[in-house]
Every structure is written in structure tokens, then in C-alpha cells.
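For reference, the structure is listed below as C-alpha cells.
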There are 2 protein chains.
Amino acid sequence: MTGTSTRVSSPTLDEVAVLAGVSRATVSRVVNDSPRVSPEAREAVRAAVAALSYVPNRMARSLVTRRTDTIALVLSEPDARIFSDPFFASIVRGLNGALASTDINLVLLTARDEREQEKAGRFVRQGHVDGVILMSLHSHDVLPDELIAAGMPLVLCGRPLDDRPVAWVDADNCGGARLATEHLLADGRRTIASISGPRDMVAGLDRLAGYRAALSDAGHEADPRLVVEGDFTEGGGARAMEELLDRAPELDAVFVASDPMAVGALRVLHAAGRSVPGDVAVVGFDDAPVALRSDPPLTTVTQPLEEMTQVMIELLLAQVDRTADGVQTRVCPTRLVRRASA
Amino acid sequence: MTGTSTRVSSPTLDEVAVLAGVSRATVSRVVNDSPRVSPEAREAVRAAVAALSYVPNRMARSLVTRRTDTIALVLSEPDARIFSDPFFASIVRGLNGALASTDINLVLLTARDEREQEKAGRFVRQGHVDGVILMSLHSHDVLPDELIAAGMPLVLCGRPLDDRPVAWVDADNCGGARLATEHLLADGRRTIASISGPRDMVAGLDRLAGYRAALSDAGHEADPRLVVEGDFTEGGGARAMEELLDRAPELDAVFVASDPMAVGALRVLHAAGRSVPGDVAVVGFDDAPVALRSDPPLTTVTQPLEEMTQVMIELLLAQVDRTADGVQTRVCPTRLVRRASA
DNA sequence: CGGGGGCGTGAGAACGCTCTCACGGCCGTG
DNA sequence: CACGGCCGTGAGAGCGTTCTCACGCCCCCG
């Protein structure tokens with residue numbers, strides 16, 4: 001084709017060794033930054049590596065080291081919605097950031113249905129990765145148990161519903177909801193409603209629990225009229241808000257379990273002629289980008305994404321290195337971000 | 001720990017062979033569905049495999065077969081916006097669908113900055129995957145050239161700006177834009193404006209070209225006032241629409257190069273008291289989910305995502321199997337979806 | 001009844017790397 | 001001057017597969 005001859009396959013350690021005039025072992029040492037190499041040998045190898053544009057064969061290396069230096073983030077989510085979730089993008093960014101200083105790679109695996117989940121499970125068990133971070137917002141996958149049984153290092157992103165013996169990292173959803181509700185109480189609000197998340201998601205449950213706990217601590221009686229379940233989407237939030245206005249027109253505050261839902265609620269309140277925060281105070285959750293752009297900008301609860309992803313990696317690598325003692329879990333503190341809506 | 005003894009490492013082919021009372025080769029044959037195995041031997045091996053819950057070691061296998069049965073979709077995009085792009089989610093779904101009937105795995109790699117791009121490049125070149133589908137909406141990555149030089153099978157998702165010798169698949173953006181504009185013309189619209197995509201994205205350029213071509217074919221003179229550049233986001237579309245109304249208040253139609261931008265434009269038209277499609281007809285592009293929910297539902301241009309992903313896989317696998325002749329490219333036809341906005 | 005052609009099987013050599021071990025050479029010490 | 005130790009190096013044995021051969025066996029046909 002062009003002037004340069006195209007090889008069919010990549011050069012091997014042996015070829016580098018021959019070109020550098022040393023043994024395979026020495027080339028390996030240089031490639032792996034072993035200190036026990038003379039400067040001359042190192043230089044010769046470096047030159048040969050560059051000349052052949054040698055790249056070590058990971059398969060061969062992994063076969064002996066039993067390490068792939070790759071971890072997988074598997075998204076076990078039925079619908080594609082997960083991608084549009086800004087929370088998800090932040091997790092990916094955070095994980096990549098936490099791995100930036102290492103030579104560990106992050107790959108994403110999606111598993112929408114059972115079939116794909118099985119495929120992902122096989123991929124993982126075949127030894128393509130050293131460990132797995134599993135993001136599964138809804139409950140009941142088989143994947144976790146399968147991976148645990150296979151002895152695969154595993155960290156869940158988000159607390160599991162049941163108490164399986166598995167490592168996980170989550171934000172303090174309950175505490176955050178409590179913070180939000182207490183803020184509303186401190187503001188003198190009397191009738192505080194809530195748009196909750198789905199009952200089959202732990203985050204939804206925990207945020208609802210925090211809201212209830214704060215109210216009960218303040219001596220409020222539980223009023224089932226005041227809680228409507230949403231689905232974490234803007235449309236769902238709008239519908240829930242309509243229902244809420246219908247059920248309890250006297251409400252003067254709403255704790256909404258996600259920012260997109262809060263944006264939907266804001267729209268409905270607007271349309272209903274209620275001023276925010278004058279008539280109704282609104283607090284969201286997640287500190288999504290949309291919270292800044294909403295009108296008015298949303299007071300919300302923020303999660304320490306950076307810290308969470310960092311911890312996930314730590315817990316996972318501890319398992320990979322077999323230095324983990326027992327099953328570790330971690331709850332990261334959430335924080336209230338005051339803006340204009342409450 | 002528990003009753004079952006936990007092994008440190010997974011069983012090997014040899015152990016299965018011993019348990020089944022056959023040789024390593026026979027086990028390999030069974031595992032790989034070779035027909036040349038007696039039913040009895042096959043059954044014995046099956047049982048042994050199940051008993052040990054044996055999973056073949058991919059590293060060892062790949063070392064000899066030089067195949068990983070894995071392809072990567074790399075997202076070479078600076079910001080995280082790509083995740084929230086519904087187009088992207090569809091691509092992932094489509095690719096997974098196209099691979100569902102095979103035993104080929106799809107992994108996603110993100111590469112936000114140069115550093116991560118380099119990491120992804122290394123990952124790929126080390127032999128973790130058989131081929132790469134590259135999605136890079138903006139121009140000028142080094143990755144493609146690097147992969148081509150390394151002889152890595154590669155298909156671009158979207159036509160590249162320059163004419164590199166690389167396989168790619170794209171929608172007929174130009175044709176779609178033309179369709180949309182011709183529809184507007186046929187509707188009797190006189191002053192047809194356009195909110196274009198960014199100039200550094202091929203999709204933006206092509207859609208603009210199609211719009212211009214349709215107008216010019218219809219004998220319209222090019223009017224630079226009538227084109228404002230957007231950034232493919234809703235906010236950007238709104239801003240562009242404002243500018244357009246300012247520059248050319250007499251316009252009676254707009255071809256918007258993406259649905260999110262069209263939604264923004266709709267909002268602004270609404271606020272300006274223009275009825276759609278009465279005063280101003282609007283056509284979008286992409287047939288994003290949001291196009292259905294907008295008010296009025298958006299007439300838009302749809303891309304054959306299913307076909308595109310299917311073709312990408314075909315072109316890629318042809319390269320992997322070395323049955324590809326030359327550099328293949330494919331433009332998939334777009335179609336106008338008539339709804340209420342035009 | 002003998003020979004050829006499957007067909008099922010097993011032995012053993014790869015695949016490209018790491019890692020242990022042993023071996024010279026040089027230093028410092030007694 | 002002799003000897004122990006360390007340092008750079010290379011030989012060679014794996015790692016868990018696949019794949020090529022060669023080898024019996026049985027069956028069919030002449």
C-alpha cells in the first residue's frame with residue numbers, strides 16, 4: 001500500500017529483545033519499570049521498543065499476573081433513561097477521575113434485560129476485569145449474587161434493598177432529606193408535602209424516610225395526603241404536584257426527592273399562580289445542573305460525588321488486592337445548597 | 001466460612017478433564033461446540049463443567065485465538081453532555097441489539113480529555129478488543145489515526161470532517177435537511193429560516209447544506225440573515241430563535257437542526273405570540289423522544305438508528321474477519337415524520 | 001477376509017508474557 | 001589476598017487455552 005510495510009501482527013517481547021541485544025527477561029524488566037536494569041540496557045530496550053512501536057500483549061500478561069488492570073461499571077438498568085440521568089454522568093466522570101492517577105482502565109457495560117445481564121455476567125466472570133462496580137437503581141438483579149458467588153470483587157453504587165453481604169457506597173439520602181425538611185421547618189413552613197421517589201428504589205425510600213423523620217421529630221403528625229409518589233422524572237414531578245395541590249391546597253412547602261421532579265413541580269406551581277418561595281417553598285435533591293437553571297434556582301441537597309466515587313474505587317481495589325477485611329460499606333454525607341426556591 | 005469450601009481461583013480445563021475422565025482437548029472441543037465428540041464424552045464433560053462451575057479463561061483463549069470477542073464503543077467527547085443525548089442512548093441500544101445474536105460483547109469507553117483519550121488508546125492497542133466504533137461528535141482527535149496506524153479495525157459513527165481513509169456510517173443529514181426544507185416549501189412557506197448546528201460538527205454542516213440546497217433548487221436566494229448557529233441544546237435553540245425573530249420578524253418557517261433546539265425555539269415562538277404552525281412552521285431533526293411531547297408535537301426528520309448500528313457492526317466485523325475489501329462507508333436514508341408543527 | 005476411510009480421542013507444541021532461580025562479576029570487608 | 005554479598009543478567013518453567021497431528025477403532029466395501 002504505502003511505503004511503510006504493514007505487519008500483520010504486533011511485535012513481541014522476543015523481537016524487542018533481539019533488536020536490543022538483551023534477553024526477554026530484561027525487556028520485561030524495562031517495560032515494567034523494574035529498578036534492576038543497567039542504564040545502558042534500559043536505553044537499548046527503550047530504543048528497540050520505540051523502533052518497533054511495541055505494545056505489550058495484555059492477554060499474555062494477564063494470563064500470568066492474573067490481573068487485567070481493568071474494572072467494569074455495569075449499568076443494570078432496564079430502560080435507557082439512566083444515560084440521561086446527570087447523576088450517572090457524574091459517577092462516570094468521578095470514577096474516571098479517581099482512576100486517572102492509576103493505570104487502571106474503566107469500561108462501561110450496559111445490561112438492559114435479563115439476556116444482556118447474563119452476557120455481562122459472563123464477560124465479567126471470564127476474567128476480563130478485576131472488579132465490578134454495579135449501578136442498578138432498581139432492585140432484584142441476579143448479577144450481584146452471581147458475582148459474589150464467583151468471588152469477583154464487587155462494590156454497589158447505592159445501598160441495596162436487602163442486607164446482602166456486599167460492599168456498597170451511598171449518599172446519606174435519609175440525612176439529606178432530613179436536612180431539607182428541617183430547613184423548611186426552620187423557615188416557618190407549616191404544611192410540608194413531599195413528592196417521593198419510586199418505592200422500589202432505595203434512594204426514593206430513604207429520602208421519604210428522612211422527610212418523615214424530620215417531621216415526626218418536630219412533632220408533626222404523619223399525613224398521608226401530603227405524600228405523592230413520583231418517578232424521578234420532570235413529567236412525573238409535574239403530575240405529582242398537581243395531585244398534591246388537589247389534595248392539599250393549603251400546603252406551603254414541598255420537599256421533592258429529585259431535581260428534575262422539582263422542576264416539574266415548579267412549573268405546575270407557576271401555572272397554578274403560586275409564587276415560589278413566597279407561597280410555596282420547594283427543595284429538591286441531587287443538585288443536578290438543571291437546579292441552577294430553574295426559575296427560581298432550586299434549593300437542593302447535594303451529594304459528595306467526588307468522595308463517593310473515590311471511596312468506591314478504594315473499596316474495590318482493596319478487594320482486588322485482597323487487603324479488604326470483611327464487607328465494607330460507606331455512607332457519604334449530603335449537604336443542603338441554599339438557592340432561591342426555599 | 002460457610003459450608004461450601006471457597007476456592008481461591010477458578011477451575012481450569014485440566015481439572016475438568018480429570019473429573020470427566022477425558023483429555024484437555026476433548027473438554028476444549030465440548031466447550032467450543034465442536035461436532036467431533038461422542039455423546040458420552042460430551043455428557044461427561046458437561047457434567048464436570050457444571051459441577052466445577054467452570055468458566056473458560058478468556059485471557060488464555062485470546063492468547064491463542066488472537067480474538068477477544070469484544071468490541072469497544074469509544075466516546076471521545078469532552079463534556080459529559082453526550083450521555084444526556086438521547087441519540088447516544090439509541091446508538092448503544094442499537095449496537096447491543098445488533099450483537100445480541102452473537103457472543104460478542106460491547107464495552108463503552110469514555111475519553112473526555114487528551115489524557116483519557118490516550119488511556120483509551122492504550123487499552124485498545126493492548127489487545128483488549130477486536131475492534132472499535134468511535135463516536136466523536138467534534139473533530140480532531142488523534143485517536144482515529146492512532147488506531148488506523150495500529151491496524152485496529154475501526155468504524156466511525158458519523159462522517160469525519162476530513163476525508164481520511166476510514167470506514168464510517170452516517171445518516172443522510174443533508175438529504176434529511178433537504179426533505180424538511182422541501183416540505184416547508186411545499187407548504188407554501190416563503191421565508192424559511194434555519195437554526196443550524198455548530199460549525200465544527202459534521203451533522204451541523206450537512207444539515208445546513210441540505211437546507212441551502214433545497215432553497216437554492218427552489219430558486220430562493222441565500223439570505224445570511226435567516227441562518228443562526230445553535231449548539232444542539234434547548235437553551236441554544238431558544239437564543240437562536242430570539243435572534244432570528246429579531247433579524248427577520250417576517251419569517252414564516254424554521255428548519256431547526258435538532259429537536260432539543262426546536263423545542264427551545266417553540267418556547268420562544270410561543271412567548272412571542274406566534275402560533276405554530278399557523279404563523280410559523282417548525283421542523284426539527286432527530287426524532288428525539290422530546291419531539292413527541294412538545295407542544296405542538298414536532299414534525300421532524302428521523303434517522304434509521306437500527307439500520308445504522310447494524311451496518312456499523314457489519315462493517316466492523318468485516319474488518320475483524322479481514323473480509324473487508326477497502327474502506328467502506330455508508331450513508332443511511334433519513335425520513336420526514338409529519339406531526340403537528342409543520 | 002483385508003484394506004481404506006472416516007471419527008473420536010489424546011499428546012504436545014504453541015501463544016506472549018512474568019517470575020523464579022542460578023550464575024558470573026564486582027565491590028567491600030576481614 | 002580471600003571470601004561473602006549484591007547486582008545485573010539470562011535460561012527456563014509456567015499461566016490456561018487452542019490447534020495440529022497422529023493414532024487407534026470401527027465400519028463399509030471390494
Side-chain angles (χ1 to χ4, degrees), chain A residues 7-46 48-49 52-70 103 122-123 125-130 150, chain B residues 7-46 48-49 52-70 103 122 125-128 130 150:
Chain A
R7 289 186 51 105
V8 269
S9 65
S10 6
T12 72
L13 207 60
D14 259 310
E15 305 179 43
V16 176
V18 169
L19 185 59
V22 296
S23 75
R24 222 169 48 235
T26 300
V27 177
S28 176
R29 278 187 272 259
V30 172
V31 169
N32 293 295
D33 281 325
S34 157
R36 319 241 134 167
V37 182
S38 70
E40 309 83 63
R42 184 180 307 278
E43 209 31 66
V45 171
R46 288 252 162 84
V49 165
L52 298 174
S53 60
Y54 167 75
V55 178
N57 180 322
R58 270 321 297 229
M59 301 302 133
R61 186 199 292 235
S62 295
L63 187 56
V64 25
T65 60
R66 337 230 65 182
R67 279 275 228 138
T68 61
D69 291 329
T70 302
D103 61 349
R122 212 180 319 141
F123 180 84
R125 295 185 45 205
Q126 279 175 339
H128 275 114
V129 301
D130 295 336
Chain B
R7 289 186 51 106
V8 271
S9 65
S10 7
T12 72
L13 207 59
D14 259 312
E15 306 179 41
V16 177
V18 169
L19 184 58
V22 297
S23 76
R24 222 170 46 236
T26 300
V27 177
S28 177
R29 277 187 273 259
V30 172
V31 169
N32 293 296
D33 281 325
S34 158
R36 319 240 136 167
V37 181
S38 69
E40 309 84 62
R42 185 180 307 278
E43 208 33 63
V45 170
R46 288 254 163 85
V49 164
L52 298 174
S53 61
Y54 166 76
V55 178
N57 180 322
R58 273 319 300 228
M59 301 303 133
R61 186 199 294 233
S62 295
L63 185 57
V64 26
T65 60
R66 338 226 65 177
R67 279 275 228 134
T68 62
D69 290 329
T70 303
D103 61 349
R122 213 180 317 142
R125 294 184 47 206
Q126 280 175 339
H128 275 115
D130 295 336

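This one's a predicted model, so the numbers in the text were calculated from it and none came from an experiment. Numbered from 1 within each chain, the chains take letters A, B, ... in sequence-line order.
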Closest contact, heavy atoms only, [X] versus [Y]:
{"X": "A:Val30", "Y": "A:Arg42", "answer": "CG2-CA, 3.9 Å"}
{"X": "B:Ser10", "Y": "B:Glu15", "answer": "O-OE2, 4.4 Å"}
{"X": "A:Met59", "Y": "B:His128", "answer": "CE-CA, 3.7 Å"}

May I ask you to decide if B:Arg61's main-chain N or O and B:Thr65's side chain share a donor-acceptor pair within less than 3.5 Å? yes
Has A:Asp130 got a side-chain atom pairing as donor or acceptor with A:Thr68's backbone, closer than 3.5 angstrom? yes
Using atom [atom1] of [X] as one end and atom [atom2] of [N] as the other, report the distance to the nearest whole Å.
{"X": "B:Leu13", "N": "D:dT18", "atom1": "CG", "atom2": "C1'", "value": "9 Å"}
{"X": "B:Gln126", "N": "C:dC15", "atom1": "CD", "atom2": "P", "value": "21 Å"}
{"X": "A:Asn32", "N": "C:dC17", "atom1": "CG", "atom2": "P", "value": "10 Å"}

Please write out each protein N/O paired with an N/O of nucleotides 23-25 of chain D under 3.5 Å, distance rounded to 0.1 Å.
none

What residues from residues 53-69 of chain A pass a heavy-atom cutoff of under 4.0 Å to DNA chain D? A:Leu63, A:Val64, A:Arg66
Nucleic acid footprint by protein, nucleotides 7-13 of chain C - heavy-atom cut-off 4.0 Å, B for base, S for sugar-phosphate alone: SSBBBBB
Could you list the residues that satisfy side chain to side chain donor-acceptor pair (under 3.5 Å) with B:Thr70, not counting sequence neighbours? none
Mind checking side-chain contact (heavy atoms from CB on, under 4.5 Å) for B:Ser28 and listing every partner two or more places apart, or none if nothing turns up? B:Leu13, B:Asn32
Axis-to-axis angle between the two ends of the helix from C:dC1-D:dG30 to C:dG30-D:dC1 (five base pairs per end, rounded to 10 degrees): 50°
